Amino acid sequence: RVCYFAQISAPKDVSIALLIGEDKRIEQWWRESLQETLREIEAVTETRVRGGGRLDEDRITGNLVGAVVTHDASRSLDPQLHTHLCVMNVTYDEVEKRWKGVQPSNFYRYQSFFREVSYNKLAQRMTEGGYELERSRKIGFDIKGFPASARKQFSKRRDEILERAEKLGVSDQDSLQAITSKTRAEKQKVSAAELRSAWQKECGDSFKDIERVIREAKMRPPAAFSSMHREALDYAEEHLFERHSVINERILLREALVGGRGRVELSQLRRELERRILSGSLIRHENEITSRETVAMESEFIHWARSDW
């Protein structure tokens with residue numbers, strides 16, 4: 001295999017603000033969110049270790065060779081800021097001192113973590129830029145004041161995929177991705193200026209609301225807030241340990257990024273996680289995390305199971 005492909009898409013309102021409302025600041029904010037996400041993808045890049053009488057195993061290399069391309073429209077010609085990532089099937093193994101093939105399992109395992117890394121940094125920059133954000137009913141976030149009708153109006157490709165999924169009776173992510181690939185239309189050649197003009201006309205009266213929100217955001221002083229990394233990690237623990245005894249570290253961090261979106265730094269969350277591990281409130285084994293409270297509860301359950309009633 002030559003390479004692996006991935007795609008990161010901005011929330012719909014962000015696409016509308018940049019591509020219809022022409023808030024060019026978002027271009028830089030998107031680049032910054034991508035840079036942080038790419039560092040996290042690179043950090044989990046692995047290769048396969050074979051031979052020498054040992055069982056096959058994976059080893060982190062922490063480096064990759066790749067390229068990114070950013071587009072501004074979906075196949076349905078809706079405004080959709082998204083970036084394609086091509087990761088070449090090659091990574092340098094420092095232990096063996098040679099280039100080897102990539103073991104891609106972590107790319108798939110941590111997809112949702114990578115998405116939230118991107119959204120957190122983007123939300124942080126959007127908030128600093130004067131926007132007020134609201135949690136979306138789905139994944140991501142919405143811009144407060146943006147008309148829901150525009151969000152719906154420019155989601156034709158998403159609606160097409162969901163309609164097809166409903167007919168097939170499927171809803172899982174793998175099936176949705178398969179539908180996306182099989183129903184992809186041919187690309188159309190349209191200039192950015194032509195697209196923007198058509199989008200603004202399609203907005204109708206909603207365009208005035210979009211312009212107003214962007215204008216107010218540019219005039220609003222940066223929001224002053226203190227970091228909420230502790231509260232965000234509390235949220236993640238409560239949300240995940242309610243259903244699971246052991247959580248992968250990056251899944252725990254993913255939920256903390258959701259809980260503190262735009263108001264936390266990933267580095268702060270990691271420091272808080274280390275502090276809790278050192279204090280003994282959380283316990284780590286390799287990449288897995290559990291809580292002292294969970295261990296105590298499970299010990300009690302085992303005691304009950306072994307007791308004579």
Side-chain angles (χ1 to χ4, degrees), residues 6-41 68 70 72 79-83 85 110-148 150-151 154-155 158 209-210 213-236 239 250-273:
Q7 178 179 309
I8 305 174
S9 297
K12 180 59 67 175
D13 282 7
V14 176
S15 296
I16 292 172
L18 169 62
L19 301 169
I20 299 179
E22 299 187 73
D23 187 346
K24 297 297 185 182
R25 300 176 300 169
I26 294 173
E27 292 178 345
Q28 175 60 28
W29 299 340
W30 182 243
R31 284 193 291 268
E32 290 179 27
S33 74
L34 287 173
Q35 288 167 0
E36 182 152 334
T37 307
L38 290 173
R39 284 194 291 269
E40 293 300 320
I41 295 173
V68 295
T70 296
D72 58 10
Q80 185 58 65
L81 176 64
H82 64 282
T83 297
L85 168 62
Y110 300 126
Q111 286 183 77
S112 59
F113 169 69
F114 301 142
R115 180 192 66 228
E116 295 306 329
V117 170
S118 172
Y119 283 2
N120 179 68
K121 178 59 68 175
L122 182 60
Q124 187 182 76
R125 294 293 181 256
M126 297 284 290
T127 302
E128 291 171 352
Y131 285 99
E132 296 177 322
L133 306 181
E134 299 175 324
R135 181 169 294 188
S136 171
R137 292 178 59 189
K138 299 178 182 178
I139 294 172
F141 57 86
D142 300 330
I143 295 176
K144 185 176 181 179
F146 266 29
R151 200 175 301 130
F154 292 115
S155 298
R158 179 67 176 172
D209 293 327
I210 294 168
V213 172
I214 294 173
R215 184 170 59 252
E216 291 174 354
K218 290 180 176 180
M219 296 173 60
R220 189 176 291 121
F225 56 81
S226 57
S227 174
M228 54 178 294
H229 54 282
R230 291 181 181 175
E231 295 87 344
L233 202 53
D234 287 343
Y235 164 85
H239 181 67
R250 285 182 172 81
I251 301 306
L252 183 64
L253 290 171
R254 178 201 69 192
E255 289 304 306
L257 289 168
V258 172
R261 183 178 289 140
R263 301 186 65 181
V264 295
E265 292 280 0
L266 181 56
S267 59
Q268 292 175 323
L269 290 175
R270 284 192 162 120
R271 284 196 294 270
E272 177 62 17
L273 178 59

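Since the structure is predicted, the reported quantities are computational estimates derived from the model, not experimental observations. Sequence positions, counted from 1, serve as the residue numbers for this chain.
- Residues satisfying the side chain to side chain donor-acceptor pair (under 3.5 Å) test with R31, not counting sequence neighbours, are Q28.
- Residues F113 and L266 have side chains in contact (heavy-atom distance under 4.5 Å, counting atoms from C-beta outward).
- The minimum heavy-atom distance linking R254 with S112 is given by the pair NH1-OG, 2.9 Å.
- Defined by atom type and a distance below 3.5 Å, a donor-acceptor pair is missing between the side-chain atoms of D13 and Y131.
- Rounded to the nearest 0.5 Å, atoms CZ (R215) and CG (D23) are 12.5 Å apart.
- Summarising the geometry, atom CD1 belonging to I214 is positioned 14.0 Å from atom CE belonging to M219; distances are rounded to the nearest 0.5 Å.
- Atoms CD and CG, from E255 and L253 in turn, are 10.5 Å apart once rounded to the nearest 0.5 Å.
- The shortest distance between side-chain heavy atoms of Q80 and K12 falls below 4.5 Å.
- Side-chain contact between T37 and K121 is absent, with no heavy-atom pair separated by less than 4.5 Å.
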Determine, stepwise, if the pair F146 / I210 fulfils side chain to side chain contact (heavy atoms under 4.5 Å, CB included).
CA-CA 6 Å; F146 266 29; I210 294 168; 3.8 Å; yes

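- In this structure, V14 and W29 have side chains that are not in contact, with every pair of non-hydrogen atoms separated by 4.5 Å or more.
- Salt-bridge check for R230 with E272: passed, with a basic side-chain N closer than 4.0 Å to an acidic carboxylate O.
- Among all heavy-atom pairs drawn from W30 and S9, the shortest one is CH2-C, 3.7 Å.
- With a 4.5 Å cut-off on side-chain heavy atoms, I143 and L133 count as touching.
- At distances below 3.5 Å, at least one donor-acceptor pair connects side-chain atoms of R261 with backbone N or O atoms of G140.
- Between the CG atom of D72 and the NE2 atom of H82 there is a distance of 8.0 Å, given to the nearest 0.5 Å.
- With sequence neighbours excluded, the residues forming a ring pair (Phe, Tyr, Trp, His ring centres under 6.0 Å) with H239 are Y235, listed by chain and number.
- Under the rule for a salt bridge (charged side-chain N to carboxylate O under 4.0 Å, His left out), the partners of R270 that lie at least two apart in sequence or sit in another chain are E40.
- Closest heavy-atom contact between A10 and Y119: C-OH, 4.2 Å.
- Under a cut-off of 6.0 angstrom, the local environment of NZ in K218 is crowded, with over 12 non-hydrogen atoms contributed by other residues, nucleotides or ligands.
- Taking every heavy atom of both residues into account, E27 and L18 meet most closely at CG-CD1, 3.7 Å.
- In this view, E32 and R125 satisfy the salt bridge (charged side-chain N to carboxylate O under 4.0 Å, His left out) rule, not counting sequence neighbours.
- Note that CD of Q124 and CG of L257 are 10.5 Å apart. Values are rounded to the nearest 0.5 Å.
- In this structure R250 satisfies the salt bridge (charged side-chain N to carboxylate O under 4.0 Å, His left out) test with no other residue, sequence neighbours excluded.
- Of the possible polar contacts, one joining the S15 side chain to the L81 backbone as a donor-acceptor pair under 3.5 Å is found.
- Under a 3.5 Å cut-off, the side chain of N120 and the backbone N or O of G262 do form a donor-acceptor pair.
- Not a single salt bridge (charged side-chain N to carboxylate O under 4.0 Å, His left out) links E231 to another residue, sequence neighbours left out.
- The heavy-atom pair separating L269 from H229 by the smallest distance is CD2-O, 3.5 Å.
- Looking at heavy atoms from C-beta onward, S33 lies out of side-chain contact with I8 at the 4.5 angstrom threshold.
- Proximity of L233 to L252: side-chain heavy atoms (C-beta onward) are separated by under 4.5 Å at one or more points.
- Between the side chain of R135 and the backbone N or O of V258, at least one donor-acceptor pair lies under 3.5 Å.
- The two residues P79 and I20 make their nearest non-hydrogen contact at CG-CD1, 3.9 Å.
- Here the CG atom belonging to L122 is positioned 11.5 Å from the CD atom belonging to E36, to the nearest 0.5 angstrom.
- Here the side chains of V213 and E132 are not in contact, with every heavy-atom distance at 4.5 Å or above.
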